[in-house]
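FYI, the numbering just counts along the sequence from 1. Start at 1 and go down the list; that is how both ligands and their atoms are numbered.
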Amino acid sequence: MSKPRILIARAVFPAVIERLSQYFDIESNQADETWSKAQLTEKLRDKAGAFTTGSDRIDADVLAACPQLKICANMAVGYNNFDLDAMTARGVLGTNTPDVLTETTADFGFALLMATARRITESEHYLRAGQWTKWSYDMFAGSDIHGATLGILGMGRIGQGIARRGAHGFGMNVIYHNRSRLDAATEAECKARYVDKDELLKTADHLVLVLPYSAASHHAIGAAELAQMKPTATLVNIARGGIVDDAALAAALRDKRIAAAGLDVFEGEPKVHPDLLTVPNVVLTPHIASASVPTRLAMANLAADNLIEFFTKNKALTPLNPQVLTRA
Ligand code: DGY
């Protein structure tokens, strides 16, 4: 029997391709070329499945042109690159990679918070540029993490991981806002107090964004929200570009309306708003929050497992629209 044809849309660990090749006839993009939407569509036209990442947009046009497509397995927990309604309407399963990246991403959120509040990259640039000629009492003085108020917007698994680190490791006072309030046991475990968004913005010394991107969360942090924050506050975004209005943030950083920001995600990435590149009080990283070797391997294997389960058992480990599986 011939194997189902799948597309691996981006470069991935060779060992994962090797595993998948036992089950599938594979076309892969190991050269990691950047494909236009038309190119991606063309590659998917004769495929029954796809291994995708957050940069591969699967929308109604792509689906209409690829009627053989049955599953898109995203190697990411976020799936705003999928038009899930359109996929469900066409009977195409979407899967993502939750859980395996939670702790690694929470570690990174905390690292970015520390680097931002304590001005680590800004001071390193100064040193590397040969500008350090003498010590002074206020050189790169930042703000404290321990004992400060940590605000978290979006309290899913990663948000909870950051809360636990803050509360248990650094004695922080943790407040959060989320679409729905956590149960009492989880709040107690995270030592986190639910507040409304206004209180979160006004009270947090450090605000970390971990909410999913959707039309509802577009520019959840814009000029008005930044104006509510303390002038000494730091803002960290490890969620998705588009949740923050990057132009408004760059202006707030330039005018010192907030102290600093740490950003791992950007509107229109891999492009970065040029104004963010000109302000010193921002730490910028290229969407690497889940990038430890073991975690990226676990994400890739989970995406691969979803493809294998689907084609061998009509199941998936982490389906986003499981109703597709039960249809005749
Ligand atoms: C995720 O898993 O959503 C990360 O942002 C990597 O894309």
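Taking the charged nitrogens against the carboxylate oxygens, Lys202 and Glu199 have no contact shorter than 4.0 Å, which rules out a salt bridge. With salt bridges taken as basic N to acidic carboxylate O contacts below 4.0 Å, none links Glu187 and Arg193. Looking at Glu267 and Arg240, no side-chain N of the basic residue comes within less than 4.0 Å of a carboxylate O on the acidic one, giving no salt bridge. Under a 4.0 Å N-O distance rule, the pair Lys3/Asp25 does not qualify as a salt bridge. Using a 4.0 Å cut-off between charged side-chain N and carboxylate O, Asp56 and Arg10 make no salt bridge. Between Lys230 and Asp205, at least one side-chain N (NZ, or NE/NH1/NH2) sits under 4.0 Å from a carboxylate O, which counts as a salt bridge.
When the heavy-atom distances from atom 3 (O) of ligand 1 to Met75, Arg240, Arg296 are ranked, the shortest goes to Arg240.
Residue Ser290 places no N or O, backbone or side chain, under 3.5 Å from any N or O of ligand 1. Some N or O of His287 is nearer than 3.5 Å to an N or O of ligand 1, by distance alone. Residue Gly78 places at least one N or O, backbone or side chain, under 3.5 Å from an N or O of ligand 1.
Atoms of ligand 1 lying under 4.0 Å from at least one heavy atom of Met299, given by number and element, are 2 (O). Set against the non-hydrogen atoms of Ala76, the atoms of ligand 1 under 4.0 Å away are 1 (C), 2 (O), 3 (O), 7 (O).
Under 4.0 Å from ligand 1, the heavy atoms of Leu101 that appear belong solely to its side chain.
Looking at atom 2 (O) of ligand 1, its nearest protein heavy atom turns out to be Val77 N, 2.7 Å.
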